[in-house]
A.B. asks: 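This is the structure, below, for whatever I ask next.
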Amino acid sequence: MDTDVLKLIESKHEVTILGGLNEFCVKFYGPKDTPYDGGVWKVKVELPERYPFKSPSIGFTNRIYHPNIDEVSGTVCLDVINQSWSALYDLSNIFDSFLPQLLRYPNPHDPLNSEAASMFHHKPDEYVRKVQEYIRRYATEEALREQDEDTSSTESTMSDYSEDEARDIEL
């Protein structure tokens, strides 16, 4: 696990460690020559105890419009991560191959976002416009900074309360 995380940190990807080497965010850029080109997302990664034999959990923290990504939770529907993960893969595969391929070739037949799947399939021009609107609203460097500021202000607010009070507020 440590080797994979360090390899990712030393690569071209910007990695922010959250709760140790098993929980971090990676800044992910939309692939060139796709509707996602120009977008920037934070993808949260959680590594299970049995990693690399068990797949990591990944999710987009800022909104993205895509048939195979849940718009609200950021959950990703990707067979290679959810079903056919192998210990031969590493974290770089996710950010250099699997996610770029998912954005380049959405699968509208296995959607998490049925509206996006339908639009991709039946109104491709409208789909591209909607993706680009989401990028302008949610997937810019400025939007990420605002998201980080909102998160840190919530965290500092929570520290003003006792542990029990903060837990009640989060619920």
Side-chain angles (χ1 to χ4, degrees), residues 4-18 21-47 51-52 55-86 89-152:
D4 269 7
V5 175
L6 291 173
K7 181 178 167 187
L8 189 66
I9 290 170
E10 292 171 353
S11 73
K12 64 183 178 189
H13 301 287
E14 186 178 318
V15 178
T16 305
I17 303 297
L18 300 174
L21 290 182
N22 66 329
E23 185 181 359
F24 51 90
C25 283
V26 176
K27 195 179 275 190
F28 176 72
Y29 296 89
K32 298 279 183 224
D33 302 321
T34 71
Y36 299 93
D37 190 358
V40 58
W41 292 268
K42 270 194 177 176
V43 178
K44 185 175 181 181
V45 179
E46 293 180 27
L47 300 178
Y51 179 85
S55 67
S57 172
I58 66 168
F60 286 75
T61 65
N62 49 327
R63 286 182 179 239
I64 183 169
Y65 195 75
H66 189 281
N68 309 110
I69 302 170
D70 184 86
E71 185 178 341
V72 177
S73 71
T75 302
V76 177
C77 180
L78 186 58
D79 286 347
V80 73
I81 293 175
N82 298 331
Q83 294 162 358
S84 58
W85 179 262
S86 163
Y89 300 137
D90 65 19
L91 296 168
S92 295
N93 292 124
I94 294 171
F95 296 98
D96 293 337
S97 299
F98 304 153
L99 286 179
Q101 287 294 93
L102 181 69
L103 296 191
R104 192 174 300 281
Y105 306 108
N107 178 3
H109 304 293
D110 186 20
L112 278 178
N113 182 336
S114 55
E115 177 191 297
S118 177
M119 192 181 291
F120 175 82
H121 195 62
H122 300 293
K123 299 176 184 175
D125 292 341
E126 197 173 316
Y127 171 80
V128 169
R129 281 193 296 278
K130 184 100 172 193
V131 165
Q132 292 169 347
E133 175 190 333
Y134 269 58
I135 289 172
R136 282 190 300 280
R137 292 178 68 190
Y138 307 112
T140 62
E141 292 286 353
E142 183 180 333
L144 285 180
R145 273 193 301 280
E146 288 174 10
Q147 179 185 358
D148 287 345
E149 288 169 9
D150 290 347
T151 302
S152 64

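In this chain, residues are counted from 1 in sequence order.
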A.B. asks: Give a yes or no on whether the backbone of Pro31 and the side-chain of Thr34 come within a donor-acceptor separation of less than 3.5 Å.
C.D. replies: yes

A.B. asks: Find out whether Val76 and Ile81 are in side-chain contact, i.e. whether some heavy atom of one side chain is under 4.5 Å from a heavy atom of the other.
C.D. replies: no

A.B. asks: Can you find a side-chain donor-acceptor pair between Tyr65 and Glu115 that sits under 3.5 Å?
C.D. replies: yes

A.B. asks: Looking at residues at least two apart in the chain, or sitting in another chain, which of them share a side-chain contact (heavy atoms from CB on, under 4.5 Å) with Val80?
C.D. replies: Leu78, Ser84, Tyr89, Phe98

A.B. asks: Show every donor-acceptor pair shorter than 3.5 Å between a side-chain atom in residues 99-111 and any protein atom, with sequence neighbours excluded, or say none if there are none.
C.D. replies:
{"from": "Arg104", "atom 1": "NH1", "to": "Lys32", "atom 2": "O", "distance (Å)": "3.3"}
{"from": "Arg104", "atom 1": "NH2", "to": "Lys32", "atom 2": "O", "distance (Å)": "3.4"}
{"from": "Asn107", "atom 1": "OD1", "to": "His109", "atom 2": "N", "distance (Å)": "3.0"}

A.B. asks: Is it the case that the ring center of Tyr36 lies less than 6.0 angstrom away from the ring center of His66?
C.D. replies: yes

A.B. asks: I need the Lys7 NZ to Asp90 CG distance, nearest 0.5 Å.
C.D. replies: 3.5 Å

A.B. asks: Please work out which of the three classes, parallel, tilted or perpendicular, describes the rings of Phe60 and Trp41, given edges at 30° and 60°.
C.D. replies: perpendicular

A.B. asks: For Arg136, which residues count as a salt bridge (charged side-chain N to carboxylate O under 4.0 Å, His left out) partner, sequence neighbours excluded?
C.D. replies: none

A.B. asks: Listed by chain and number, what are the salt bridge (charged side-chain N to carboxylate O under 4.0 Å, His left out) partners of Glu46, not counting sequence neighbours?
C.D. replies: Lys44

A.B. asks: Has Asn62 got a side-chain atom pairing as donor or acceptor with Lys42's backbone, closer than 3.5 angstrom?
C.D. replies: yes

A.B. asks: Would you call Glu126 and Lys130 a salt bridge, taking side-chain N to carboxylate O under 4.0 Å as the test?
C.D. replies: no

A.B. asks: Run the salt bridge (Lys or Arg N to Asp or Glu O under 4.0 Å) test on Glu149 and Arg145 for me, step by step, so that the C-alpha distance in whole Å, both residues' side-chain angles and the decisive distance to 0.1 Å come before the verdict.
C.D. replies: CA-CA 6 Å; Glu149 288 169 9; Arg145 273 193 301 280; 5.8 Å; no

A.B. asks: Both conditions, 6.0 Å and 45 degrees, for the charged tip of Arg63 above the ring of Tyr138: are they met here?
C.D. replies: yes

A.B. asks: What pairs with Lys27 under salt bridge (charged side-chain N to carboxylate O under 4.0 Å, His left out), at least two apart in sequence or on another chain?
C.D. replies: Glu14, Glu141

A.B. asks: Please examine the side chains of Asp96 and Lys12, heavy atoms only from C-beta on, and report whether any two atoms are closer than 4.5 Å.
C.D. replies: yes

A.B. asks: Sequence neighbours excluded, which residues qualify as side-chain hydrogen bond (donor to acceptor under 3.5 Å, both in side chains) partners of Asp4?
C.D. replies: Tyr51

